[in-house]
Amino acid sequence: MRLPSIFFGHGNPMNALSESGYGAEWRRLGEEIPRPNAIVCVSAHWFVGGTRVTGNKFPETIHDFGGFPEELYRILYPAPGDQGLAGRLQSALAPLDVTLDETWGLDHGTWSVLRHVYPDADVPVVQLSIDARKPASFHFELGRRLAPLRSEGILIMGSGNLVHNLHHYAWGQPKAEPRAWAVRFENRVRAVLSSGEFEPLIRYEELDPDARLSVPTPDHYLPLLYVLGTRQPDEPVSYPIEGIEGGSLSMLTVCVG
């Protein structure tokens, strides 16, 4: 059975603590999809100069944020790594030089979602970094090369936010009225996604006048392209979770397959 690929809008790290709202929706989605043998996650928060894959047998839970309540820093997500899968990613993406990295672990783009999706932390997880030096087309192509893993029971997961602008985020007001430009951009992207023709999303800066505000930096957008790259002909695209948090963070979940 071919597993779906899923892009999660992860939003505020505080979502990791809540058992309601988006946390409950993530848990529901984990109960509905087939259980994977392992997960390959591309997180917005591993945005570096190069392509790397975690090679840890037991990856560390990374609290890569500041200024939040102490209980958030006490969360651990002790999912095992998968060194065999990490090596396979190196081979699958060859001749691209993919560095085996044991200094990273699972950042909050990964564990803040997965602690709800698979709360027992018993599914192996490998993270693949985003090469900050490469164009959007490069990241879409890597997604295409990861696609065969779906037929082996491996979940390809992206974690970011379709719209991510912290300068316009209403701190302390998660249910603030969505910014008009955020709504317009999300609707435009959804229309393109539904068409099945993803090329305009690779050139997202040209897609819509609101792109500059909605995607001021590429790190939270690019994980979506990895997921879209795994789509096979005629596979549906669906949106099992929707919403805009704090006015300027799209929480849209995009499911391929």
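Quantities reported herein were computed from a predicted structural model and do not represent experimental measurements.
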query: Which ILVMFWY residues are connected to F58, directly or by a chain of links, through side-chain heavy atoms under 4.5 Å apart?
result: none

- request: Would you please classify the geometry between the W26 ring and the F8 ring as parallel, tilted or perpendicular, with 30° and 60° separating the classes?
  value: perpendicular

Side chain proximity check, Y239 to V254, heavy atoms < 4.5 angstrom: yes

field: Any side-chain heavy-atom pair of V113 and M157 under 4.5 Å
entry: yes

query: Hey, is CZ on R144 packed in by over 12 heavy atoms from elsewhere, all under 6.0 Å?
result: no

task: Can you establish whether the number of heavy atoms outside E197 located under 6.0 Å from its atom CD is more than 12?
output: no

task: Keeping to residues at least two apart or across chains, list the salt bridge (charged side-chain N to carboxylate O under 4.0 Å, His left out) pairs with something in residues 112-129.
output: R35-D122

query: Can you pull the side-chain hydrogen bond (donor to acceptor under 3.5 Å, both in side chains) pairs that have at least one residue in residues 53-68, sequence neighbours excluded?
result: D64-H108

query: Can you check whether S250's main-chain N or O pairs, donor with acceptor, with E186's side chain at less than 3.5 Å?
result: no

SB check E141 K134 (cutoff 4.0 Å): no

field: Salt-bridge criterion met for E31 and R28 (N-O under 4.0 Å)
entry: no

- prompt: What residue pairs, at least two apart or across chains, pass ring pair (Phe, Tyr, Trp, His ring centres under 6.0 Å) with a residue in residues 176-201?
  reply: H168-W181

Results of ring pair (Phe, Tyr, Trp, His ring centres under 6.0 Å) for Y204 - residues two or more places apart only: Y221

task: Classify the side-chain pair N12/E245 by whether it contains a donor and acceptor separated by less than 3.5 Å.
output: no

Determine all donor-acceptor pairs shorter than 3.5 Å in which one atom belongs to a side chain in residues 66-73; sequence neighbours excluded.
from, atom 1, to, atom 2, distance (Å)
Y73, OH, G67, N, 3.1
Y73, OH, F68, N, 3.2

